Chemist: 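Below is a structure I'd like to ask you about.
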Amino acid sequence: MSNGSDPALTNRQTNRPLWLLLLRTVRLLRAVLSPLWPRSLAARTALVLLAGLGTVQAAGLAIHALDRIALDRGELEHETGMRVVAIYRSIVETDPGQRDNEVAHMHLPNGFKVSLTPGPQTADLDPAGLQMQHMVRTSLQLMPFPMHLHPTQMMAGANHGKRRFEVSMHLPDESRWVTIAFRVPPPNLFSSPTFPIAFTLMIVATGVLTNWAVRRLTAPVRTLAAAAEALGRDVNAPPLPEDGPLEVRTAAIAFNTMATRIRRFVTDRTLLLTAIGHDLRTPITRLKLRSEFIEDDDLRRKFTADLDELEAMVSATLAFGRDSANREPLVALDLTALLSTILDEAVDGRPDITNQVGFATEPPVVTIKARSLALKRALANLIGNAIVYGGGAMVTLKPPGELSQEYVTVLIDDDGPGLAPSDLERVFEPFVRVEASRNRETGGTGLGLAIARNIIRGHGGDITLGNRAPSGLRATVTLLA
């Protein structure tokens, strides 16, 4: 048996920490960038398109910039070469005895210095190579003056870091040299006034076109979302228009088909509940009549109570069916006045609870669009439950902008025992009664909260229940403003 280690195992052990590090890095980047990632499809699509177009545009601008820099550098070198030759020509064409005076009174371009030296003055600079000399010699050929005045020797040096150059040219008719020192400014990409204008126009045009295209592309998605929300509020909402591109038309047809099936299912369920409830009324009535012939008073009383409870459940079932098929139109409604009416009706005939029923604070005037009869029934049910189980109902009305920008909020508080956390949502299921006695006077039929939530959701809102501290229950109703 060999004591040596397996090379493959060793490599895996060595590479594993690297992969773990990369994986953790990716997860960290996702965690950091996730809050910055847009939530809407339109924003994400626009961001991706703008990033792609920006990358392409940046690449194109970089190519343009490089070409522009190369062109500007060539023009700058040519212009500098012509200036150097012009200075040399002014000196070489002057009488040797007057050259010092000429140099002293010469008007030089900005950044240029000239001197007459006994020898070349480029020792402190790096050799500029043939490029600088070629630039000057080319300019000498282009500048029209006699060949016998051309320099007999030429030396050049440069400090590229500081962009400082010196050219020394030996005068043909004496031993001195003309040394010209100058600085060449770097090419300026923004020297052209059209470049920033073109850049700004490209950015604006790209942003506008991208925003327009994204909105056009995502408009069907927004329409589909709005139609789905409308279907959730009203099963009889109008269908989507089946037009537009093939994909949009196919999605609209599929949605309308689904809506038709849901509408048929809800209608069939409502008709079934209504038919059963209606048909049960006749045998219940017969049983009530026959119960009168029961001689045992205690048994007759219990039998009649059970029939009354059964009749109440049938009536609630019929009401539930009517609310599911409700066709009441939406109208402008003063919610504050409606709540005041419900509270006044709740205390009629019960002066003992007058102080326990009312508004917790002075209510603002709030107007919404709603089905008045259905909404009154839902709110009356919630306030009635608070009075029955909590001994009172204190209502707080919150206008839009206080708790939510889009919704009106109604808070109904009581001081009762509250509910177990597991029952806060379960009580909205049909025929669920938390009260264990199943007494019709205390437990109800188990349909009240289901009907109320069905009505509120039909208005685009919702109902939730929550326990209060130290005791009591709060019903929170939200309605579209």
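Just so it is clear, the model here is predicted, and its values are computed rather than measured.
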Chemist: Keeping R99 on the side-chain end and T94 on the backbone end, is there a donor-acceptor pair under 3.5 Å?
Modeler: yes

Chemist: Nearest 0.5 angstrom please: L149 CG to L171 CG, how far?
Modeler: 10.0 Å

Chemist: Between D423 and R426, is there a donor-acceptor pair closer than 3.5 Å when you use the side chain of the first and the backbone of the second?
Modeler: no

Chemist: If you take all heavy atoms of H170 and S175, which pair is closest and at what distance?
Modeler: NE2-O, 3.3 Å

Chemist: Counting only N and O atoms by type, is there a donor-acceptor contact under 3.5 Å from the side chain of D462 to the main-chain atoms of R457?
Modeler: no

Chemist: Please confirm whether the backbone N or O of G207 pairs with a side-chain atom of N211, one donor and one acceptor, at under 3.5 Å?
Modeler: no

Chemist: Nearest 0.5 Å, please: how far is CD1 in I342 from CG in L339?
Modeler: 5.5 Å

Chemist: Just so I know, are the side chains of M169 and V136 near enough to count as touching, which here means a heavy-atom distance under 4.5 Å?
Modeler: yes

Chemist: Atom CG in N256, atom CZ in R263: separation rounded to 0.5 Å?
Modeler: 8.5 Å

Chemist: Distance alone, cut at 3.5 Å: any donor-acceptor contact between the side chains of T179 and S115?
Modeler: no

Chemist: Indicate yes or no: does D414 engage R468 in a salt bridge with an N to O separation below 4.0 Å.
Modeler: no

Chemist: Within the 4.5 Å heavy-atom criterion, are L335 and L479 side-chain neighbours or not?
Modeler: yes

Chemist: Please check if atom CG in D95 has more than 12 non-hydrogen atoms from other residues, nucleotides or ligands closer than 6.0 Å.
Modeler: yes

Chemist: Between atom CG of D415 and atom CE of M394, what is the distance when rounded to the nearest 0.5 Å?
Modeler: 9.0 Å

Chemist: Report, as yes or no, whether the 6.0 Å neighbourhood of atom CZ on R215 holds more than 12 heavy atoms from other residues, nucleotides or ligands.
Modeler: no

Chemist: Whether the side chain of N467 engages the backbone of A420 through a donor-acceptor N/O pair (distance < 3.5 Å, no angle test) should be reported.
Modeler: no

Chemist: Give a yes or no on whether the backbone of I463 and the side-chain of R453 come within a donor-acceptor separation of less than 3.5 Å.
Modeler: yes

Chemist: Give, for atom CD of Q153 and atom CH2 of W177, the distance between the pair rounded to the nearest 0.5 Å.
Modeler: 4.0 Å

Chemist: Can you check whether V366's main-chain N or O pairs, donor with acceptor, with T336's side chain at less than 3.5 Å?
Modeler: yes

Chemist: Determine whether L108 and F182 make a side-chain contact, defined as any pair of heavy atoms from C-beta on separated by less than 4.5 Å.
Modeler: no

Chemist: Using a strict 4.0 Å threshold on nitrogen-to-oxygen distance, state whether E166 and K113 make a salt bridge.
Modeler: no

Chemist: Taking the side chain as C-beta and beyond, is there a heavy-atom pair between F255 and L224 under 4.5 Å?
Modeler: yes

Chemist: Are any side-chain N or O atoms of H459 and backbone N or O atoms of L375, one a donor and one an acceptor, separated by less than 3.5 Å?
Modeler: no

Chemist: Answer yes or no: does atom CZ of F265 have more than 12 heavy-atom neighbours from other residues, nucleotides or ligands under 6.0 Å?
Modeler: no

Chemist: Answer yes or no: is there a side-chain heavy-atom contact under 4.5 Å between M106 and S90?
Modeler: yes

Chemist: So do the side chains of I412 and R474 get within less than 4.5 Å of each other, counting heavy atoms only?
Modeler: no

Chemist: Decide yes or no for T409 and V477: does some side-chain heavy atom of the first lie under 4.5 Å from some side-chain heavy atom of the second?
Modeler: no

Chemist: At what distance, to the nearest 0.5 angstrom, does CD of E429 lie from CG of L449?
Modeler: 11.5 Å

Chemist: Walk me through it: do R89 and L140 pass the test side-chain contact (heavy atoms from CB on, under 4.5 Å)?
Modeler: CA-CA 9 Å; R89 178 182 177 181; L140 285 170; over 6 Å; no

